[in-house]
Amino acid sequence: MKIAAAYIRVSDERQDEYSPDSQLKLIRDFAEKNNTYVPDEYVFFDNGISAKSSKKRVEFNRMIAMAKEKNTPFSTIYVWKFSRFARNQEESIVFKSLLRKNNVDVISISEPVVDGVFGSLIERIIEWMDEYYLIRLSGEVKRGMTEKAGRGEAMCHPALGYTLQNGKYIPDESEAAIIKQIFSDFANGKGEREIAQSLGNQGIRTHRGNLPDNRLIDYILHNPVYIGKIRWSTEGKAASKRDYDNENIMIVDGCHEPIIDIELWNVVQERLKMQKTMYGNRQRKEQPVDWMLKGLVKCSCCGATLIKAQTACPSMQCHNYARGSCRTSHSLSIRKANKAVTDALEKAAKTMEFSFAPLKTKQTEKQIDYNSLIAKENEKLKRCKEAYQNGIDTLDEYAKNKKSIHDNIEYLNSKKSINNDVKNPADKVSYEKKVMNIVEMIKDPAISEKAKNEAIRTIISYIIYDKANSELAIYFYI
């Protein structure tokens, strides 16, 4: 008697499939009629997992690994339907080809196919229909969820501060007080890490029982659910926890009661925006600051930040050079750097000449070569004219094509201008006053280095130190 395996999968996506026990019973009845035995150790079962991909199907992958062994313990894999094996036709073909090399067949007990080329064709058609069903199901789910979000209904598990009752977010009195405390503390100047530690010390835990951390506080402060909004991605899944500016995220009025008023929300968002401008993604905002230019000066060779060096005289050095990955020393006295930056700020304010850091653009925009696109449009214009001169196009056709190309060129030129233009502040006088106020502040010995650092960060994006030419180039925020 031949030995066979059984692969059983149930999903959450439809209600018309047999239960695991029913599938196994049907498979064993079929196997017995075909003089085949299915031992318990060769029954593989994945529960509630989609067949769109094999990555998360643990039992499926264990079965495939066993079938690939040199001495394969079974010669056949029985499934109730081919859709239980895979709904991705490409994966199905790959795995079935791999199994055939080891003389293992995949047989659907409810979708018998004849041997030969025609049978293979029928099998491919069944697999294509299964994949098409999955694609349609995914589209319908996405459409339904987006429509639900548009109505402002609850889309996922409740955030801290809410409970879910009858499909609606309801404020939890005790948790809502925590949320109000978080927003109030941040608006009054406390840092995210400091707030998280304070909550932890009070014995407060997340819904999963974890200690609060700065990432949780950051997410809470960015979450519009607390002002009565619903945030959802039009791509069909919950909005990314960190990608707050994703253009595919929709924010609509919800059906629930807000916990935070709009005035406090706006104060917090302004501080978050300022914080994002002042500190880079990898800079820690709440580290001790014991020197004015900490985190602002960059190496001209590798771009790394200059850190405080362990020397007799307070100085800074390229972080990568200290680790051995940058070959050029950028040692600089902190005292000399402070004076040079202070003098440079005074000079820039008096002359009103500021070097501004380039505007940050999305990666997709960085990759667009507008000059090349404009050149192609000009080439089209030339060919368009030649077509008219050679009698291929009429005057009306030439005029229409010419206008269309000119419109494209005008559009590309405007995009190029937006992409490359770095504008000066509209009110230079106000900007000059702001710079001079900061100069006076950093000259005051009574003010802490941390306060000076935070003040400078409101106008300076970064400073490039070129040791070879003994220059400090300051780049301002727009």
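Every heavy atom of this structure was used, including side-chain atoms; hydrogens, water molecules and symmetry mates were not.
Judged purely by atom type and a 3.5 angstrom limit, Asn102 has no side-chain atom pairing as donor or acceptor with the backbone of Val104. Proximity of a side-chain donor or acceptor of Gln197 to a complementary backbone N or O of Asp213 within less than 3.5 Å is not detected. At least one donor-acceptor pair closer than 3.5 Å links the side chain of Ser300 to the backbone N or O of Tyr465. Remark: side-chain polar atoms of Asp185 are not paired, donor with acceptor, to backbone N or O of Ile195 under 3.5 angstrom. No donor-acceptor distance shorter than 3.5 angstrom exists from the side chain of Asn210 to the backbone of Thr206, with no hydrogens or angles considered. For Asn188 (side chain) and Ser184 (main-chain N/O), a donor-acceptor pair under 3.5 Å exists by modelled atom type. Of the possible polar contacts, one joining the Arg271 side chain to the Phe186 backbone as a donor-acceptor pair under 3.5 Å is found. The backbone N or O of Glu471 lies less than 3.5 Å from no partner atom in the side chain of Asn469, so there is not a single donor-acceptor pair. The backbone N or O of Ile464 lies less than 3.5 Å from no partner atom in the side chain of Lys298, so there is not a single donor-acceptor pair. Looking only at distances, a side-chain donor or acceptor of Asn266 sits under 3.5 Å from a matching main-chain atom of Ile262.
Side-chain contact of Glu175 with His207: a donor-acceptor pair under 3.5 Å is present, judged by distance alone. In summary, the side chains of Arg457 and Asn453 do present a donor paired with an acceptor at a separation below 3.5 Å, with no hydrogens or angles considered. Between the side chains of Arg335 and Asn338, no donor-acceptor pair is found at a separation under 3.5 Å.
Residues Pro258 and Trp265 have side chains not in contact (no heavy-atom distance under 4.5 Å, counting atoms from C-beta outward). Between Tyr475 and Ile460, the closest side-chain pair of non-hydrogen atoms is not below 4.5 Å. Tyr462 is not listed as a side-chain neighbour of Val297, based on a closest heavy-atom distance of 4.5 Å or more. Side-chain contact check for Ser331 versus Lys467: some heavy-atom pair is nearer than 4.5 Å. Inter-residue side-chain proximity for Cys299 and Cys301 is flagged as met; some heavy-atom pair is nearer than 4.5 Å. Annotation: side chain of Leu472 is in contact with side chain of Leu332 (closest heavy-atom distance under 4.5 Å). Using a 4.5 Å heavy-atom threshold, the side chains of Cys302 and Ser325 count as separate. Side-chain contact between Ile334 and Lys308: present, with at least one pair of heavy atoms (C-beta onward) separated by less than 4.5 Å.
Within 6.0 Å of the CD atom in Glu41, the count of heavy atoms belonging to other residues, nucleotides or ligands exceeds 12. Counted within 6.0 Å of NZ on Lys336, heavy atoms from surrounding residues, nucleotides or ligands total 12 or fewer; the atom is thus considered open. The local environment of CZ in Arg205 is crowded, with over 12 non-hydrogen atoms from other residues, nucleotides or ligands closer than 6.0 Å.
Between His256 and Tyr162, a ring centre-to-centre spacing shorter than 6.0 Å is recorded.
A pairwise comparison of heavy atoms in Ala304 and Cys318 identifies CB-SG, 4.1 Å as the closest pair. Residue Pro158 comes nearest to Leu164 through the heavy atom pair CG-N, 3.9 Å, listed as atom of the first residue, atom of the second, then distance. In this structure, Pro73 and Tyr42 approach most closely via the heavy-atom pair CB-OH, 3.1 Å. Annotation for Ala187 and Val267: closest pair CB-CG1, 3.9 Å, computed over non-hydrogen atoms. Looking at every heavy atom in both residues, Val435 comes nearest to Leu345 through CG1-O, 3.7 Å. Nearest heavy atom pair, residue Gln23 against residue Ile8, reads OE1-CG2, 3.4 Å.
The side-chain hydrogen bond (donor to acceptor under 3.5 Å, both in side chains) check on Gln181 picks up nothing, with sequence neighbours excluded. Listed by chain and residue number, Glu346 satisfy the side-chain hydrogen bond (donor to acceptor under 3.5 Å, both in side chains) test with Lys443 (two or more places apart in sequence, or in another chain).
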### Query
Passes side chain to side chain donor-acceptor pair (under 3.5 Å), Gln202 versus Ser198? Steps please.
CA-CA 6 Å; Gln202 295 174 46; Ser198 175; 3.2 Å; yes

### Message
Between Leu160 and Tyr226, is the side chain to side chain contact (heavy atoms under 4.5 Å, CB included) condition met? List the steps.
### Response
CA-CA 10 Å; Leu160 187 70; Tyr226 297 117; 4.1 Å; yes

### Task
Evaluate the criterion side chain to side chain contact (heavy atoms under 4.5 Å, CB included) for residue pair Ile447 and Ile442; output intermediate values, then yes/no.
CA-CA 7 Å; Ile447 295 177; Ile442 63 179; over 6 Å; no

### Message
Run Arg9 and Arg57 through side chain to side chain contact (heavy atoms under 4.5 Å, CB included) and show every step you take.
### Response
CA-CA 9 Å; Arg9 183 183 65 82; Arg57 293 194 282 161; 3.9 Å; yes

### Query
Can you list the steps and then say if Leu199 with Ile182 is a side chain to side chain contact (heavy atoms under 4.5 Å, CB included)?
CA-CA 9 Å; Leu199 294 178; Ile182 291 171; 3.7 Å; yes

### Query
So Tyr7 and Phe44, ring-ring contact (aromatic ring centres under 6.0 Å, His included) or not? Walk me through it.
CA-CA 5 Å; Tyr7 179 66; Phe44 303 90; 7.6 Å; no

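Here OG of Ser329 is found 4.0 Å from CD of Gln317. Values are rounded to the nearest 0.5 Å. Distance check, rounded to the nearest 0.5 Å: CD1 of Ile456 to CD1 of Ile459 gives 7.0 Å. The line from CG of Leu99 to CD1 of Ile77 is 5.0 Å long, rounded to the nearest 0.5 Å. Taking OG1 of Thr305 as the reference point, atom NE2 of His330 lies at 12.5 Å (rounded to 0.5 Å). Going from atom CG of Leu296 over to atom NZ of Lys294 covers 11.0 Å, rounded to the nearest 0.5 Å. Of the inter-residue distances, the one linking Asn437 atom CG with Glu432 atom CD reads 9.0 Å to the nearest 0.5 angstrom.
Ion pairing between a basic and an acidic side chain is recognised when a charged N comes within 4.0 Å of a carboxylate O; Glu449 and Lys452 show such pairing. For Lys347 and Asp343, the salt-bridge test fails: no basic side-chain N is under 4.0 Å from an acidic carboxylate O.
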